[in-house]
Amino acid sequence: EPAPNPGPAVRVEPPVEPVNIEAGVRLGPIRIGMSEEEVRALGLEEEEVDPRSRRFGPYRVYLRDGGVYRVEAQIGDLHRVRFGQTVIDAGTHIHTIRDAFTDCEWTEGGGERYVCAAGTLGVQTTHSMDPQRYTLAVQGR
């Protein structure tokens with residue numbers, strides 16, 4: 001008697017490891033205060049965005065006086081982030097992210113825009129309001 005056909009193989013992708021985010025310190029491998037050379041040494045694909053910033057992989061890096069003072073990324077490009085003990089998946093509503101970050105205040109600028117942790121952490125919507133495109137930002141004091 002022939003063996004039953006098991007059907008197509010199902011490939012299960014392992015979960016993406018969360019990118020660490022620390023208010024005023026880092027977003028992923030990009031740390032506030034790193035030199036441009038240190039960021040380049042990470043080996044991420046690089047492109048100029050404008051005179052104030054460069055993109056390294058999924059990260060938009062703002063440089064001043066030779067060092068990183070702000071770094072941003074869209075959560076959909078990162079897939080998941082870890083803030084303290086909380087893991088936040090892309091697609092999570094901005095109010096849930098705001099509440100996880102704590103100490104956040106709404107600020108002017110269009111859409112939903114929150115500045116948290118004494119201005120060293122933020123989350124904002126884009127014009128599309130797509131939760132995959134929320135921008136996370138870490139900034140030095």
Side-chain angles (χ1 to χ4, degrees), residues 2-141:
N5 183 351
V10 176
R11 182 180 165 147
V12 177
E13 295 289 329
V16 174
E17 190 63 30
V19 170
N20 289 313
I21 182 170
E22 295 177 59
V25 177
R26 71 175 173 151
L27 178 55
I30 313 290
R31 292 185 166 278
I32 300 302
M34 286 177 92
S35 69
E36 190 171 353
E37 293 75 29
E38 289 172 318
V39 177
R40 278 198 180 101
L42 295 171
L44 300 170
E45 185 176 329
E46 179 182 353
E47 70 176 282
E48 185 171 339
V49 177
D50 59 36
R52 303 175 306 138
S53 65
R54 303 191 71 71
R55 187 167 307 282
F56 291 90
Y59 305 99
R60 185 171 181 176
V61 176
Y62 293 81
L63 299 155
R64 180 174 51 211
D65 300 327
V68 174
Y69 75 91
R70 181 179 175 89
V71 59
E72 302 176 347
Q74 290 187 347
I75 194 167
D77 293 337
L78 303 178
H79 306 288
R80 331 173 70 197
V81 296
R82 178 182 291 116
F83 180 70
Q85 299 301 312
T86 304
V87 174
I88 303 165
D89 291 307
T92 299
H93 193 276
I94 193 167
H95 294 160
T96 303
I97 298 170
R98 171 202 64 198
D99 293 347
F101 286 174
T102 66
D103 189 31
C104 296
E105 295 180 13
W106 179 86
T107 187
E108 292 288 334
E112 295 278 327
R113 184 181 298 249
Y114 297 95
V115 175
C116 312
T120 62
L121 183 63
V123 59
Q124 68 186 51
T125 59
T126 61
H127 296 292
S128 75
M129 299 295 285
D130 178 351
Q132 296 286 328
R133 299 185 67 182
Y134 294 158
T135 299
L136 304 174
V138 173
Q139 183 166 309
R141 290 201 158 112

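Bear in mind the structure is a predicted one, so any value in this text is a computation, not a measurement. One-based numbering along the sequence shown. Any value given below was found using the heavy atoms of this structure, including those in side chains, with hydrogens, waters and symmetry copies removed.
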Report summary line: Residues at least two apart in sequence or cross-chain that pass side chain to side chain donor-acceptor pair (under 3.5 Å) with R113, listed by chain then number, are Q124
Query raised in the report: Can you list every disulfide bond (SG atoms under 2.5 Å apart) pair that touches residues 111-141, not counting sequence neighbours?
Result: C104-C116
Report summary line: side chain to side chain donor-acceptor pair (under 3.5 Å) filter on E112, not counting sequence neighbours, yields H95, Y114
**Report entry** Minimum heavy-atom distance A90-Q132, with the two atoms named
**Finding:** CB-OE1, 3.4 Å
Query raised in the report: Sequence neighbours excluded, which residues qualify as side chain to side chain donor-acceptor pair (under 3.5 Å) partners of R55?
Result: none
Query raised in the report: If you look at every heavy atom in R141 and A118, which pair is closest and at what distance?
Result: NH2-CB, 4.1 Å
Requested in this report: Please identify each residue that fulfils side chain to side chain donor-acceptor pair (under 3.5 Å) with D130, with sequence neighbours left out.
Outcome: none
**Report entry** Evaluation steps, side chain to side chain contact (heavy atoms under 4.5 Å, CB included), between L78 and I21
**Finding:** CA-CA 11 Å; L78 303 178; I21 182 170; over 6 Å; no
Requested in this report: Return the minimal non-hydrogen interatomic distance between G33 and E38, and the atom names on each side.
Outcome: O-OE1, 4.5 Å
Report summary line: Residue pairs meeting ring pair (Phe, Tyr, Trp, His ring centres under 6.0 Å), one or both in residues 38-83, sequence neighbours left out, come to F83-F101
Query raised in the report: In chain order, what residues pass the side chain to side chain contact (heavy atoms under 4.5 Å, CB included) check against T126, with sequence neighbours excluded?
Result: Q74, S128, R133, T135
When the side chains of residues 43-51 are checked against the rest of the protein, which donor-acceptor pairs come out under 3.5 Å, sequence neighbours left out?
unit_1: E46; atom_1: OE1; unit_2: R40; atom_2: NE; d: 2.9
unit_1: E46; atom_1: OE2; unit_2: R40; atom_2: NE; d: 3.2
unit_1: E46; atom_1: OE2; unit_2: R40; atom_2: NH2; d: 2.9
unit_1: E46; atom_1: OE2; unit_2: R54; atom_2: NE; d: 2.6
unit_1: E46; atom_1: OE2; unit_2: R54; atom_2: NH2; d: 3.0
unit_1: D50; atom_1: OD1; unit_2: R52; atom_2: N; d: 2.8
unit_1: D50; atom_1: OD1; unit_2: S53; atom_2: N; d: 2.9
unit_1: D50; atom_1: OD1; unit_2: S53; atom_2: OG; d: 3.1
unit_1: D50; atom_1: OD2; unit_2: R60; atom_2: NH2; d: 2.6

Query - Qualifying salt bridge (Lys or Arg N to Asp or Glu O under 4.0 Å) pairs with a residue from residues 19-32, counting only residues at least two apart or across chains - result: E22-R26
Report task. Walk me through it: do V68 and L63 pass the test side chain to side chain contact (heavy atoms under 4.5 Å, CB included)? Result -> CA-CA 5 Å; V68 174; L63 299 155; 3.7 Å; yes
Query raised in the report: Within a strict 4.5 Å, meaning less than it, do heavy atoms of the I88 and L136 side chains meet?
Result: no
Query raised in the report: Can you name the closest pair of heavy atoms from A23 and L121 and give their distance?
Result: CB-CB, 3.9 Å
Query raised in the report: Would a 4.5 Å heavy-atom cut-off, applied to side chains only, mark I30 and L42 as touching?
Result: yes
Report summary line: Heavy-atom nearest pair, I32 first then G24, reads CG1-O, 3.7 Å
Query raised in the report: What are the two closest non-hydrogen atoms of P58 and A73, and how far apart are they?
Result: O-CB, 3.5 Å
Requested in this report: Any salt bridge (Lys or Arg N to Asp or Glu O under 4.0 Å) involving residues 89-107? Give me the pairs, sequence neighbours left out, ordered by first then second residue.
Outcome: R80-D89
Query raised in the report: Roughly how far, to the nearest 0.5 Å, is the CD1 atom of I75 from the OH atom of Y134?
Result: 9.0 Å
Query raised in the report: Tell me, which pairs form a disulfide bond (SG atoms under 2.5 Å apart) where one or both residues lie in residues 26-77, sequence neighbours left out?
Result: none
Query raised in the report: Atom CZ of R70 and atom CZ of R64: how far apart are they, to the nearest 0.5 Å?
Result: 11.0 Å
